[in-house]
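Per chain, numbering begins at 1; letters A, B, ... match sequence-line order. Nothing here was measured: the structure is a model prediction, and the numbers come from that model.
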Number of protein chains: 2
Amino acid sequence: MKPSTRYHHGDLRAAIIRSAMAALERDGPEGISLRGLAETVNVSRSAPYSHFRNKREVMAAIAEIGFDRLIDEMQRVDGDAPDARLCFLGVGAGYIRFALENPGLFKLMFSADLVSLRSVGDLDQRSARAYAVFRQSLDAFLLEIGRAAPASPTLQALAWSSVHGLAMLLLEDRLPGPPERPMDLAHAVTGMFVELIESSAQRA
Amino acid sequence: MKPSTRYHHGDLRAAIIRSAMAALERDGPEGISLRGLAETVNVSRSAPYSHFRNKREVMAAIAEIGFDRLIDEMQRVDGDAPDARLCFLGVGAGYIRFALENPGLFKLMFSADLVSLRSVGDLDQRSARAYAVFRQSLDAFLLEIGRAAPASPTLQALAWSSVHGLAMLLLEDRLPGPPERPMDLAHAVTGMFVELIESSAQRA
DNA sequence: TGTACATCAGTGAACGCGCGTTCACTGATGTAC
DNA sequence: TGTACATCAGTGAACGCGCGTTCACTGATGTAC
């Protein structure tokens, strides 16, 4: 049985996406080429065009999966306690862990040049869902500590920016004195954010 | 007088950098090519190699200038009061303003793929200086409100991440419900960060 | 159960493009005498 | 002041590369009769 000799691949679409994911982590978002993907999957250069209209569609498909995985990673709470505080900490840490473990994918997802959300409905929707997960866990935490429940747009932006910024800086190695255990820093930073919110809530 | 016909350009190095800056904001970091720069400056394709060893050196030179400008922008404090709190707010807002006004340059400066800091001594040094400006204004602010003066690595990372993350999300248009006046959000977010620190300081 | 046929995933060659970089060269400049 | 010459910024052609995409095609598949 030589599956690589078959005329019809079987599930080329899935194979291309799988290969694209691998290339993404190997060479980064810029390193992906349809020709390269086709070669990896042992298929002619034009074969991918039976499943995708163009390169942008492939990139969008990958980014879509990326947002699903990001959601999974955020919801994989560390502890098991249904404590809103721990839950929010888990979401924040999950966000950063996802970025560190899938740097290429993360960069792709958050690069306007590479994937323009607005043009692809499904992608836009999934990115919104990822954001909703983050926002809801923030709101639940606020509620738990007795503070004005739906976070203001400003607080939302501050919380999201903190996690996203730290992920970005760690990824691009732009943090002065880069930590040898990045996730330790991630936990420390999210922990400090939570403490700041808590102490400010006690005043209100 | 036809300066474009001269055999020797005069100051090709500066002209290339200037042209690169323009291309950066027009097409983004990926859109820059040495050939394109040469063409813009009306010079042969190989001419740039009299001033730069390769493309990486051009990118590094631009990024270097970028960090200098970032420092200027951070130090262009809004008010005139030598108030450490206002100063820190100005630094944070300056950081985000710089990113919004020079998106291509900002992305280049913080992209590990495009410019590897570690390999270029001068660049590394200037990026460190930019970070120092930020850290010092944070420390001054902490001092002013009577809190443990040199910020812990965790607090440094949180502060830097907040500003950087917000800049990045605004730049890549990844903030849900993108604000029509981004700098208003920038001021609100930095303002909230400062308030959180102040209220937590009152407890200690 | 057997055969004609429509479908469409995959082929292979080609189009046209832009890129970084090298190399032998040329011509302007300014310095030493 | 005038001239020989070293220097080196800039030329132009070429090398070799990888890319996205198109197009007429072929061969496997499965359905209708």
Side-chain angles (χ1 to χ4, degrees), chain A residues 1-20 22-24 26-63 104 108 111 113-116 119-120, chain B residues 1-20 22-24 26-63 104 108 111 113-116 119-120:
Chain A
M1 167 183 170
K2 296 184 175 184
S4 61
T5 310
R6 280 179 312 181
Y7 192 91
H8 286 98
H9 180 279
D11 197 359
L12 184 53
R13 191 191 150 90
I16 285 175
I17 290 183
R18 218 178 315 120
S19 147
L24 204 50
R26 206 183 334 108
D27 311 315
E30 317 298 339
I32 287 193
S33 78
L34 284 195
R35 292 164 92 109
L37 298 183
E39 197 178 351
T40 304
V41 183
N42 276 318
V43 110
S44 81
R45 286 163 177 176
S46 48
Y49 288 90
S50 294
H51 300 273
F52 303 94
R53 258 206 301 253
N54 49 38
K55 193 184 176 183
R56 296 178 60 83
E57 269 196 14
V58 180
M59 301 306 253
I62 307 170
L108 174 71
S111 158
D113 309 330
L114 299 170
V115 179
S116 59
S119 65
V120 189
Chain B
M1 169 183 170
K2 295 186 176 181
S4 62
T5 310
R6 280 179 314 182
Y7 192 90
H8 285 99
H9 179 279
D11 197 358
L12 184 52
R13 191 191 149 89
I16 285 174
I17 289 184
R18 219 180 312 122
S19 146
L24 204 50
R26 207 184 333 109
D27 311 314
E30 317 297 338
I32 287 192
S33 77
L34 284 195
R35 294 164 92 110
L37 298 183
E39 197 178 352
T40 304
V41 183
N42 276 317
V43 110
S44 81
R45 286 164 177 175
S46 47
Y49 288 90
S50 293
H51 300 271
F52 302 95
R53 259 206 303 252
N54 49 39
K55 194 184 175 182
R56 296 178 60 84
E57 268 196 15
V58 179
M59 302 305 253
I62 307 169
L108 173 71
S111 158
D113 308 330
L114 299 170
V115 180
S116 59
S119 65
V120 190

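- The side-chain contact (heavy atoms from CB on, under 4.5 Å) test applied to A:Ser44 returns A:Ser46, A:Ala47, not counting sequence neighbours.
- Spacing between atom CZ of A:Arg35 and atom P of D:dT22 amounts to 13 Å, rounded to whole angstrom units.
- Across the protein-nucleic acid pair, B:Phe52 atom CZ and C:dG20 atom P stand 14 Å apart, rounded to whole Å.
- Using a 4.5 Å cut-off on side-chain heavy atoms (C-beta onward), A:Pro29 and A:Leu24 make contact.
- The nearest whole Å value for the distance from the CD atom in A:Glu30 to the C1' atom in D:dC19 is 14 Å.
- In this structure A:Ala22 satisfies the side-chain contact (heavy atoms from CB on, under 4.5 Å) test together with A:Arg26, sequence neighbours excluded.
- The distance from atom CG of B:Leu12 to atom C1' of C:dA28 is 15 Å, rounded to the nearest whole Å.
- The shortest side-chain heavy-atom distance between A:Val43 and A:Pro48 falls under the 4.5 Å cut-off.
- What separates CG of B:Leu34 from C1' of C:dG18 is a distance of 13 Å, to the nearest Å.
- Taking both residues in full, the closest heavy atoms of B:Val41 and B:Ala15 are given as CG1-CB, 3.8 Å, listed atom of the first, atom of the second, then distance.
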Pairwise N/O distances under 3.5 Å, protein to nucleotides 11-13 of chain C:
unit_1: C:dT11; atom_1: OP2; unit_2: A:Ser44; atom_2: N; d: 2.5
unit_1: C:dT11; atom_1: OP2; unit_2: A:Ser44; atom_2: OG; d: 3.0
unit_1: C:dG12; atom_1: O6; unit_2: A:Ser46; atom_2: OG; d: 2.4

> Just the dot-bracket of DNA chain D, please: which string comes out with Watson-Crick or G-U pairs under 3.5 Å, [ ] for crossing, | for another strand?
Replying inline: .||||||||||||||||||||||||||||||||
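- With DNA chain D read from its 5' end, the first of the two nearest nucleotides for B:Arg13 and A:Asn54 is the one closest to B:Arg13.
- Set against C:dG20, C:dG10, C:dA14, the side chain of A:His51 has C:dG10 as its closest nucleotide.
- Annotation: side-chain contact (heavy atoms from CB on, under 4.5 Å) contacts of A:Ser111 (sequence neighbours excluded): A:Asp113, A:Leu114.
- When rounded to the nearest whole Å, the span between CG of B:Asp11 and P of C:dT29 equals 15 Å.
- Protein atom CZ of A:Arg53 is 11 Å distant from nucleotide atom P of D:dT22, rounded to whole Å.
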Could you tabulate the donor-acceptor pairs under 3.5 Å formed by side-chain atoms of residues 52-62 of chain B, not counting sequence neighbours?
unit_1: B:Arg53; atom_1: NE; unit_2: B:Glu57; atom_2: OE2; d: 3.2
unit_1: B:Arg53; atom_1: NH2; unit_2: B:Glu57; atom_2: OE2; d: 3.2
unit_1: B:Asn54; atom_1: OD1; unit_2: B:Arg56; atom_2: N; d: 3.3
unit_1: B:Asn54; atom_1: OD1; unit_2: B:Glu57; atom_2: N; d: 3.2
unit_1: B:Lys55; atom_1: NZ; unit_2: B:Ile32; atom_2: O; d: 2.9
unit_1: B:Arg56; atom_1: NH2; unit_2: B:Ser116; atom_2: OG; d: 2.6
unit_1: B:Glu57; atom_1: OE1; unit_2: B:Arg53; atom_2: N; d: 3.1

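- For residues 28-52 of chain A, no residue pair satisfies the salt bridge (charged side-chain N to carboxylate O under 4.0 Å, His left out) rule, not counting sequence neighbours.
- The CD1 atom of A:Ile16 lies 10.0 Å from the OG1 atom of A:Thr40; values are rounded to the nearest 0.5 Å.
- Across the protein-nucleic acid pair, B:Lys55 atom NZ and C:dT22 atom P stand 15 Å apart, rounded to whole Å.
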